[in-house]
Amino acid sequence: MTNPAIAAHALRKSYGDKTVLDGIDITVPEGTIFSLLGPNGAGKTTAVKILSTLISPDGGQARVAGHDLTTDPQAVRATIGVTGQFSAVDGLITGEENMLLMADLHHLPKAEGHRVTTELLERFDLVEAAKKPASTYSGGMKRRLDIAMTLVGDPRIIFLDEPTTGLDPRSRHTMWQIIRELVATGTTVFLTTQYLEEADELADRIAVLNNGKIAAEGTAEELKRLIPGGHVRLRFTDPIAYRSAALALTDITHDDETLSLQIPSDGTQNNLRFILDRLDTAGIEADELTVHTPDLDDVFFALTDGTGTPNQPKEAVR
Amino acid sequence: MSSLSLAVRDSNTMLRRNLLHARRYPSLTLNLLLTPVMLLLLFVYIFGNAMSGGAGRSAYIAYLVPGILLMTIGSTVIGTAVSVSTDMSEGIIARFRTMAIHRGSILVGHVIGSVIQSVMSVVLVGAVGVAIGFRSHHATVLDWLAAFGLIVLFALALTWIAVGMGLVSPTAEAASNNAMPLILLPLLSSAFVPLHSMPGWFQPIAHYQPFTPAIETLRGLLLGTHIGNNWWIALAWCLGLTVLGYRWSTSTFNQDPK
Ligand SMILES: Nc1ncnc2c1ncn2[C@@H]1O[C@H](COP(=O)(O)OP(=O)(O)O)[C@@H](O)[C@H]1O
Ligand SMILES: [Mg+2]
């Protein structure tokens, strides 16, 4: 096995007496998309800032691209690209000048810098706006310029902190497409998001960050399995059928008002057949049958409910 | 790339960025020239007779201009404090911090840019001085070179201090307030009136603050007045403030950003 792109162990960070990160472990294999998922204030940005050498942790170790964060930050910086949560473009100069500035700071030869700039501006649909001050760009354009600037040095590992927050649906889908293309060329992506849909859509592995700890970690599928909540729902119009169904089935929750029954189910064919057989045997016909599989939303809310204390065991799924 | 050539190259890139800002948005720099120019005109044409003690307008213009020139530097670096503070609140600085560039280049770019702007401002204000009748009859080429050197060193010293002020200021307003002493100090120096016309208890303060020795030195170089020990006090101030400002700025900048 090759070295992971990012390997962090027991990272801690507090501000005053507020513990933001309370010992988190993160492993991101090369060439994959890892998503750190968490509500506002969970500590996602803090984690990105630490892993991208912007701030130092209070405790723990981390290696990025095999280089130690604290002893060799400059080597880490040489392999990463960072697009922070808030726009990191120079608003006073044009989009093109921003790109050329990055090229100069990556010490690209002049011609090469121009070539890369032209290519990226085209790829991110910024050619028309290239000569306008970046401060006049829309949110989506700023984001695209931001990412284009991050790509100038051809980084192996990219951090994207909430890349789609505040974007309209169209720009969000464009951004998703961009992120997928990045990984297709072997880049490792560390992505934070508040949106389950986004993590589900993009990430190979997801870690749910809550209250300074990783509440759960795994693939989207693994996380979904963590949460009970899959069920079959039967609805009736006839109260008699409703009552006999309630007698024929076990382990049910009923709702007398809507005449509906809820039976825990993992949604597999076998389980459904079992339920249907029971109903057939009792000669009952439901008016409506729906299958609910837990989605990441269920996972998210179960793990981060109200007070923010996870009600799931802390150990990660592997 | 060796670390020195890396430092030079990145500093040069950062300098070009700052000059680009200044060129694209010249109003900030030009606004800062208003104070010294207005004070020059005010003191010459309105208070001139009272201030010069009857020595005549052209004599008072000659007396006034060296102080106004150094005040111009104080005024220009207020702009530096403001632009450093605004720049630091921009996301692009966070981006720079995560790139494998020479760290110091970000500050060095600001400093060199500010010194260049200061020198240009001094030239502009000097031109106004010449237009209203300032003449230097005695200065040799060497005197001019020394005067230029003094202006650069003085600008460098005040710039590093202003950069430090910009770094510790959370907002542009705070930066401009914090840097205010840099334009107030010349009012408490020998720029407008000779020291001996000030109250006795105040004279030592006015004499040893950074502006007076520098003004007296510049006056001596341009007009041939007595410099005495002022030149080395001025140099000591320049050196001391540069080292202090440099240390303060770099240690502030190297802390984790907020
Ligand atoms: N510089 C700071 N000083 C004090 N508190 C901070 C600082 N940065 C972040 N925090 C606090 O740490 C917590 C996590 O912040 P952050 O990492 O930005 O969360 P997220 O990105 O998940 O929204 C928040 O409660 C925030 O108020
Ligand atoms: Mg955040």
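Everything numeric here is computed off the predicted structure, so don't read it as measured data. Only this structure's heavy atoms are used, side chains among them; waters, hydrogens and symmetry mates stay out. In what follows, chains carry the letters A, B, and so on, assigned in the order in which the sequence lines appear, proteins first and then strands, with residues in each chain numbered from 1.
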*Flag yes if more than 12 heavy atoms outside B/F148 fall under 6.0 Å of its CZ atom; otherwise flag no.*
no
*Just checking heavy atoms, which of residues 80-94 of chain B are less than 4.5 Å from chain A?*
B/E90, B/G91, B/I92, B/A94
*Part of A/Q85 within contact of chain B (heavy atom distance under 4.5 Å)*: neither
*Out of B/H21, B/R97, B/Q255, which one racks up the most heavy-atom pairs below 4.5 Å with chain A?*
B/H21
*Using a heavy-atom cutoff of under 4.5 Å, enumerate the residues of residues 153-183 of chain B that contact chain A, numbered in order, or state 'none'.*
none
_Minimum side-chain heavy-atom gap A/L54-B/R95 below 4.5 Å_ = no
*Are A/D104 and B/R9 close enough for a salt bridge, meaning some N to O gap below 4.0 Å?*
no
*Looking at side-chain heavy atoms only, is the closest gap between A/L101 and B/F96 below 4.5 Å?*
yes
*What part of A/S56 is in contact with chain B, defined as an atom under 4.5 angstrom from a non-hydrogen atom: side chain, backbone, both or neither?*
both
*Going through the checks in order, is the salt bridge (charged side-chain N to carboxylate O under 4.0 Å, His left out) test met by A/E97 and B/R24?*
CA-CA 12 Å; A/E97 286 163 345; B/R24 206 131 310 157; 2.7 Å; yes
*asked:* Using a 4.5 angstrom heavy-atom cutoff, name the option from A/L105, A/T79, A/T150 with the most pairs to chain B.
replied: A/L105
_Separation between CG of A/N98 and CZ of B/R17, rounded to the nearest 0.5 Å_ = 8.5 Å
*Please list, in residue-number order, every residue in residues 100-126 of chain B that has a heavy atom less than 4.5 Å from any heavy atom of chain A; write 'none' if there are none.*
B/A100, B/I101, B/R103
*Below 4.5 Å from any heavy atom of chain B, which atoms of A/V82 appear? Answer side chain, backbone, both or neither.*
both
*Hey, is CZ on B/F43 packed in by over 12 heavy atoms from elsewhere, all under 6.0 Å?*
yes
*Check whether any side-chain heavy atom of B/D10 lies under 4.5 Å from a side-chain heavy atom of A/H107, and answer yes or no.*
yes
*So which residues of residues 46-53 of chain A are in contact with chain B at a heavy-atom cut-off of under 4.5 Å?*
A/K49, A/S52, A/T53
